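So the structure is just underneath, and the comments pick up after that.
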Amino acid sequence: MVFSMQQRPHPVRRALGVGLFVAALGLAGVAQAQGTPVRILVGFPAGAGTDAIARTLGEKLKDVLGVPVVVENRAGAGGQIAAQALKAAPADGHTLFLSHDHSISILPQVVKNPGFNPATDFVPVAGFATFANVLAVSGGTPAKSIDEYVKWVRTQRGGKETIGIPAPASIPEFLVKMISEKYKIDVQPAPYRGSAPMTADMLGNQITAGIASVPDFIENHKAGKVRIVASIGAKRQAVLPNVPTFTELGFSNLEDLPYYGIFAPVGTPQPVIDKYGEALQKVLAMPDVKQKLTTMGLTVAYEPQGQFAGRVRSYTQTWERIIQSSGFKPL
């Protein structure tokens, strides 16, 4: 809507006209005109795998969108704090949440009052990768396989040990329980505030093993500082061809891979959602981005809004069954 200098519209009509103009123009032009940065919320500390992924994408998104993009770490409670911040953010297209499965599919099932409901408070924008949770042992153990680790726990630790996890009531915690039951050893989860401090303790041999995502461990695994010995998924990870899956080792129901995606507050205009999806697709098509994310242990694949929403629903239902059968009581 264009007004001449001689025609000064009524304030209400003018506001409506501006609103229609904003909706038509989309986020990129508006944010550029206003100088408003786009925030990408991350639920884990700087230096963790999710943070590195967000910064890799954010750096390219700012060029594609033509607006400033800022990664904002809201660490704590396994992503719960960041998710609550997304819920509280205005649905104006300036706040996004880059998250993996834990905050979206798991937390609402294991916490009594998480402070958000992904089904009603968030809208999926797009998915961009899948990955695997893995068991890694520290350099303080001689183990090079899960069987060797179990044997070491039995002979050197009296059958009792702790395994680090990035957050309580997470998929890694359920994996610890499965390991304990399958091998008839007493291993207990040791919750951390993210994977970065957990990995630091592994490198310092303060804990002998940990479970987190491939991106959290891959560089230290390549350097020989930790050893990844098992991975979830129906098949071995391309970046870990010599590491067996939990399925190969006799575990069940661990074939579905966790996901990474971007979410926005519910009510964010669909044209804005579409614009972000298109921008993300362009970024993922960049060879340097795909190579970097792949090197970090991700299987990169763009999923548009509808397809990604279906993945989130299916994955959530799978773990709902596992969590309920485990007898876990929400915290």
Side-chain angles (χ1 to χ4, degrees), residues 43-44 76-80 83 99-119 130-137 146-147 149-150 153-154 157 159-195 198 207-214 216-217 228-235 237 243-260 311-331:
F44 297 91
Q80 186 174 353
S99 177
H100 52 53
D101 60 296
H102 179 71
S103 302
I104 303 299
S105 293
I106 307 301
L107 260 178
Q109 301 190 60
V110 298
V111 176
K112 289 181 180 178
N113 298 299
F116 65 96
N117 182 343
T130 56
F131 66 98
N133 286 307
V134 295
L135 170 66
V137 298
I146 192 168
D147 286 338
Y149 176 71
V150 170
V153 170
R154 286 174 177 156
R157 299 292 191 177
K160 297 183 178 181
E161 188 55 291
T162 57
I163 296 179
I165 60 174
S170 58
I171 286 179
E173 179 168 335
F174 293 106
L175 288 176
V176 171
K177 182 175 181 179
M178 291 178 179
I179 292 169
S180 183
E181 291 177 349
K182 177 175 175 56
Y183 293 103
K184 303 297 189 290
I185 55 177
D186 183 11
V187 288
Q188 297 296 324
Y192 281 79
R193 190 177 178 181
S195 59
M198 180 192 74
I207 55 173
T208 60
I211 297 177
S213 69
V214 173
D216 291 323
F217 286 137
I228 298 174
V229 297
S231 166
I232 72 166
K235 59 183 180 179
Q237 293 293 294
V243 175
T245 66
F246 280 104
T247 300
E248 290 178 70
L249 296 168
F251 293 77
S252 59
N253 299 317
L254 295 176
E255 289 75 33
D256 284 354
L257 289 174
Y259 56 81
Y260 265 106
R311 176 184 291 278
V312 171
R313 284 193 300 270
S314 175
Y315 187 89
T316 301
Q317 291 167 358
T318 294
W319 278 94
E320 182 179 22
R321 292 191 294 270
I322 294 174
I323 293 169
Q324 289 180 351
S325 65
S326 74
F328 182 85
K329 304 298 182 183
L331 302 176

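FYI, side chains are in, hydrogens and waters are out, and symmetry mates aren't considered; it's all heavy atoms of this structure. Computed from a predicted structure; not experimentally measured.
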Can you confirm whether [X] sits close enough to [Y] that some side-chain heavy atom of one is under 4.5 Å from a side-chain heavy atom of the other?
| X | Y | result |
| --- | --- | --- |
| Ile228 | Gln237 | no |
| Ile104 | Val312 | yes |
| Glu161 | Tyr149 | yes |
| Glu173 | Val110 | no |
| Val134 | Phe217 | yes |

Drop me the distance from [X]'s [atom1] to [Y]'s [atom2], to the nearest 0.5 angstrom.
| X | Y | atom1 | atom2 | value |
| --- | --- | --- | --- | --- |
| Arg157 | Thr162 | CZ | OG1 | 8.0 Å |
| Leu331 | Asn113 | CG | CG | 11.0 Å |
| Thr316 | Gln109 | OG1 | CD | 6.5 Å |
| Ser252 | Lys182 | OG | NZ | 9.0 Å |
| Met198 | Ile207 | CE | CD1 | 6.0 Å |
| Ile323 | Lys329 | CD1 | NZ | 13.0 Å |

*With a cut-off of 6.0 Å (strictly less than), are more than 12 heavy atoms of other residues, nucleotides or ligands near NZ of Lys235?*
no
Heavy atoms only: give me the nearest [X]-[Y] pair and the separation to one decimal.
| X | Y | result |
| --- | --- | --- |
| Tyr192 | Gly164 | CE1-CA, 4.2 Å |
| Pro189 | Val176 | N-CG1, 3.7 Å |
| Lys112 | Pro330 | CE-O, 3.4 Å |
| Pro172 | Ile165 | CB-CG2, 3.6 Å |
| Asn133 | Phe246 | O-CE1, 4.4 Å |
| Arg311 | Leu257 | NH1-O, 4.4 Å |

*Given the rule in the side-chain contact (heavy atoms from CB on, under 4.5 Å) test, do Leu254 and Leu175 qualify, once you have shown the distances and angles that lead to the verdict?*
CA-CA 9 Å; Leu254 295 176; Leu175 288 176; 3.6 Å; yes
*Apply the side chain to side chain contact (heavy atoms under 4.5 Å, CB included) test between Pro118 and each candidate in Pro108, Ser99, Ser105; give the one that qualifies.*
Pro108
*Only one of Asp216, Ile171, Ile232, Ile179 forms a side chain to side chain contact (heavy atoms under 4.5 Å, CB included) with Ile211, so which one is it?*
Ile179
Please answer whether the main-chain N or O of [Y] pairs with a side-chain N or O of [X] as donor and acceptor at a distance below 3.5 Å.
| X | Y | value |
| --- | --- | --- |
| Gln80 | Pro114 | yes |
| Ser180 | Ile185 | yes |
| Glu248 | Thr245 | yes |

*Relative to each other, are the rings of Phe251 and Tyr183 parallel, tilted or perpendicular (30° and 60° limits)?*
tilted
*Kindly state whether the ring of His100 and the ring of Phe44 have centres lying under 6.0 angstrom apart.*
yes
_Checking side-chain hydrogen bond (donor to acceptor under 3.5 Å, both in side chains) between Asp101 and each of Trp319, Tyr315, Tyr259, which is the one that passes?_
Tyr315
